[in-house]
Amino acid sequence: MDLSESVEALKGVGPKTAEILKKAGIKTLRDFFYNLPRDYESFQAAGTIAEMRPGKVVVRGKIDSLSTRQARRRRLSITEGVVRDNTGAVKVVWFNQSYRARQFSPEKEYYFSGTYELKNGRWQLTSPSAALVADIDPSSALSPIYVAHGALKSHDFRKLANGARDKFASIPDLLPTVAAGTRREALFRAHFPETTKEITEAREYLAYEELFELILAAKLNRRENEKLKAETIPFSAEKIREFVGQLPFNLTNAQRRATWEIFQNMEQGTPMNRLLQGDVGSGKTMVAAMSAYAAVLAGKQVALIAPTAILATQHYEGLGPLLGKFGVKTALLTGATKHKSELKKQIAAGEVDLVVGTHALLTDDTEFADLALVIIDEQHRFGVEQRQKLVLKSPAKFAPHLLSMTATPIPRSLQLTVFGDLDVSVLNELPKGRQPIETRILTEVETKERLYPQILETVHAGQQVYWICKAIEDSNVSEATSVKTRAKKLQSLFPKLKIEFLHGKMKPLEKDEIMERFSRGEINVLVSTTVVEVGVDVPNATLMVIENAESYGLAQLHQLRGRVGRGTVKSFCYLLTSGDAEPSRRLRELEKSSDGFHLAEVDLKLRGPGEIYGSLQHGALDLRIASLSDTKLIARAQADVVKFLQNDENMLKYKELMAGTKKYQQLTTLN
Ligand code: ADP
Ligand code: MG
C-alpha cells in the first residue's frame with residue numbers, strides 16, 4: 001500500500017468528506033491511520049437505567065423527545081432528550097452540541113456514556129458520548145473516541161476506521177529496528193483495541209517511532225553541518241590570557257571550560273554549533289566576549305544578537321569598552337539606531353569588528369565583510385528562520401560558527417532529541433560570593449506587613465526594587481493590575497520614592513532611557529512587565545516582586561527572579577498571587593529550588609515541551625504521543641538510531657522514514 005495515497009481511496013470517503021478531512025490535516029492514508037483516538041470508552045460495562053449511581057455511567061437504550069433551545073446566557077445551546085430502557089428513563093443534556101438533536105434515530109439502540117448527577121433538583125445524564133450499538137464491535141470491549149472535525153463526529157471517524165479495517169493489514173513497515181508488522185499491528189490496535197494493555201503497547205510503539213524520527217533528524221542535521229565549511233579561528237593563548245588578566249574577577253571554572261570548548265570548535269574547519277547553557281547570572285556574556293575577541297583577533301567579524309533593544313544596548317555598553325581596550329571596534333544596531341545606512345556601510349566594509357544588535361541585524365541590507373561567528377543571546381527567543389537569516393550572512397562557501405546562549409535549561413531528554421544536533425556547554429557554577437535568593441509566596445496580609453516596609457528598607461539601604469506586573473493597561477478582561485496603575489498606587493504609598501514604569505509598547509528610546517536611569521540608580525522602584533525578563537543586569541537591584549505570579553511558567557519566573565541576586569548583597573523575590581486559590585505546585589517549587597535545571601525538568605513534566613519551547617520549536621514538538629520526558633524510551637530509540645546510521649544503505653532503503661524525518665530536520669535545525 002502507498003500511504004501517501006489520498007484518503008479518497010477509502011470506503012465512505014467522497015469529495016465532501018475528503019474536504020473536511022483535508023481541513024483537519026488528514027489528507028493521505030498515512031494521516032488517516034495516524035489520526036489516533038483521543039481516548040477509549042468501555043461500553044461493555046453498560047448497566048441499566050434503574051441501577052445507575054451518581055458519577056460516570058454507561059447505559060444502553062433508545063432516545064426520544066429531543067429538542068434544542070438557546071439558554072439565556074448567550075452562545076450556550078442546550079439539547080435535551082430522554083433515554084429509556086426497559087427498567088426506566090433518564091433525562092440527557094448536552095451543551096453546545098446541537099447536532100445531537102439530529103444524530104439519533106428513535107428506533108435504534110445506542111450506548112450513552114456520561115455523568116449521572118443531580119442538577120437543579122433533577123437527576124440527569126450530562127454530556128454523554130453516544131455510540132450506535134450496531135456500530136460497536138461486540139468482540140471489542142473498548143470503543144475509540146475521536147476528535148470531531150466539522151461535521152465529522154467521533155462516530156463518523158469510527159465508521160470510517162471500521163470501513164478501512166481490512167486495509168490495516170497492508171500498512172508497510174517503517175523501521176528496521178522492530179519486528180516486521182509491528183507498525184501495522186500497533187496502528188490496528190490503537191484503533192481497535194480489545195484490552196487496555198493493547199492500547200498501552202500500541203501507543204508505546206508509536207511514541208518510539210516518533211522519537212526515532214526526531215533523533216534521526218537531529219543526527220542527520222549534525223552530519224550535514226559537519227559537511228559545511230567554516231573559517232578557522234586560531235586560538236591565541238597569550239592574548240586571551242592578557243584579556244582575562246584585566247577582568248575585575250576570576251573566571252569560574254565552568255566559564256573556563258566552556259570557553260575552552262568553544263575555542264576547540266572554532267579552530268576546526270567545520271562550523272561550531274554549540275549551545276551555552278547557564279543559569280541566570282552564571283556569566284554567559286563573558287564567555288561570549290572571549291569567543292568574540294578570539295574571532296576578531298583572527299581578523300574576522302562577529303555578530304551578537306539579543307531579543308530586546310534593552311538587552312542589546314546593555315551588551316553593547318558592557319562589551320564595547322571592555323573589548324575596546326584591546327582594539328575591538330564595536331557597534332550597536334537596533335531599530336532606534338541613527339544613521340543606520342552609514343553604519344551598515346561600515347559593517348559591509350569590515351570597519352566594525354563586533355556588531356551587537358536586535359532583529360534590526362537581520363534585514364537583507366545588513367551585510368558583513370567577513371562574518372565568522374554568530375552569537376545568539378537568549379536563543380529560545382528567536383525562531384528558526386531568524387537564526388537562519390543571520391547564519392546566511394557569512395561569506396559564500398562558509399557557514400559561521402554559531403554560539404547560542406540560553407538561561408532556560410534544556411532537560412537532558414530534550415537535549416538528546418530535539419536538540420540532538422547541538423554540542424552543549426554548561427555553566428553549572430555561579431560566580432563566587434553570590435547568595436541564594438530568598439523566595440516566598442506572600443499572602444495579602446504579608447504584602448502589607450512585610451513587603452511594604454521592606455521596600456522602604458531596601459531603598460534606604462541604597463538598593464533597588466523591581467515590581468513585575470502582567471498587563472500594560474487596565475482592562476476589563478483581566479483583573480491583573482497594570483504597570484501604570486501599580487506605579488501610581490505605589491507612588492501614593494511611597495511619595496518620597498522615585499518610581500517609574502516600563503513596558504514593551506513604549507518607544508525604544510523611552511525604554512532605553514528608563515533602563516539607563518535604573519542602571520544608574522536614579523530610579524528606586526521599577527514597575528515593569530516582563531520586558532526586563534531577559535538578561536538585564538543591574539546588580540544593585542535586590543528585591544523582586546512578581547504580581548500574578550500564578551500566570552507565569554516556572555522557567556519564566558526563574559528567569560525573572562534572576563534579575564536580582566546579581567551582586568553580593570542578599571536578595572529577595574516575593575510572589576504575589578491573585579484570588580485565594582492555593583498556591584500552585586509551580587510556585588511551591590520555585591520557593592524551594594534555585595536550580596534552573598531542576599525547575600526546567602519540573603516545568604517539562606507539568607506543562608509539556610510545547611509550552612516551554614513553543615516559540616522556538618513551532619510545531620516540531622507537536623508530537624502525537626511521545627512524551628519527551630520518557631527517558632527510557634528515548635534511550636532505546638537513541639541506541640537504535642545509532643545502529644541504523646551505521647549502515648548507509650538504510651537511508652536509501654527506508655524512504656518513508658527518511659521523508660518523515662525531513663520534516664523534523666527542517667524544524668529543529670539550527671544551521
Ligand atoms: P547571564 O549568564 O545571566 O547572562 P551575565 O553574563 O549577565 O549572566 O553575568 C552576570 C553578572 O556576573 C555580570 O555582572 C557579570 O559581570 C558578572 N560576572 C560574570 N562572570 C563573573 C565571574 N567569574 N565572577 C564574578 N562576576 C562575574
Ligand atoms: Mg545574559
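Residue indices begin at 1 and follow the sequence shown. Counting starts at 1 for both ligands and their atoms, in listed order.
Contacts between Arg566 and ligand 1 below 4.0 angstrom, taking non-hydrogen atoms only, involve the side chain exclusively. Contacts between Gln255 and ligand 1 below 4.0 angstrom, taking non-hydrogen atoms only, involve the side chain exclusively.
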Requested in this report: Please test Lys344 against Glu367 for salt bridge (charged side-chain N to carboxylate O under 4.0 Å, His left out), starting from the C-alpha separation and ending with a verdict.
Outcome: CA-CA 7 Å; Lys344 284 179 183 174; Glu367 287 168 32; over 6 Å; no

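The pair Arg222-Asp423 meets the salt-bridge criterion, since a charged nitrogen lies less than 4.0 angstrom from a carboxylate oxygen. In summary, Lys498 and Glu522 do not engage in a salt bridge, as defined by a charged side-chain N under 4.0 Å from a carboxylate O. A salt bridge links Glu438 with Lys570: at least one charged nitrogen is closer than 4.0 Å to a carboxylate oxygen.
Not a single N or O atom of Lys432, backbone or side chain, sits closer than 3.5 Å to an N or O atom of ligand 1. The shortest N or O to N or O distance between Gly278 and ligand 1 is not below 3.5 Å. Considering backbone and side-chain N/O atoms, Gly283 comes within less than 3.5 Å of an N/O atom of ligand 1.
For the side chain to side chain contact (heavy atoms under 4.5 Å, CB included) criterion with Phe243, the lone passing option out of Val328, Leu322, Leu297 is Leu322. Each of Phe572, Tyr574, Phe518 was checked for a ring-ring contact (aromatic ring centres under 6.0 Å, His included) with Tyr466, and the lone residue meeting it is Phe518.
Set against the non-hydrogen atoms of Asp537, the atoms of ligand 1 under 4.0 Å away are 11 (C), 13 (C), 14 (O). Applying the 4.0 Å criterion to heavy atoms of Ser282 picks out, from ligand 1, the atoms 2 (O), 8 (O). Below 4.0 Å from some heavy atom of Thr252 lie the following atoms of ligand 1, by number and element: 23 (N). Short contacts between ligand 1 and Leu251, defined as distances under 4.0 Å to a heavy atom of the residue, involve ligand atoms 23 (N). Close approach to Val280 involves these atoms of ligand 1, each under 4.0 Å from a residue heavy atom: 3 (O). Close contacts between ligand 1 and Thr285 involve ligand atoms 4 (O), 5 (P), 6 (O), 7 (O) [criterion: under 4.0 Å to a heavy atom].
Of the candidates Gln277, Lys284, Arg256, Lys284 brings a heavy atom nearest to atom 1 (P) of ligand 1.
To the nearest 0.5 Å, the span separating CG on Leu371 from OG1 on Thr366 amounts to 11.0 Å.
No more than 12 heavy atoms of other residues, nucleotides or ligands shown are found within 6.0 angstrom of NZ on Lys496.
Heavy-atom distances between Asn250 and ligand 1 reach below 4.0 Å in at least one pair. Assignment of Arg434 to the shell around ligand 1 is supported, since a heavy atom sits closer than 4.0 Å.
With hydrogens and angles disregarded, no donor-acceptor distance shorter than 3.5 Å links the side chain of Asp370 to the backbone of Gln301.
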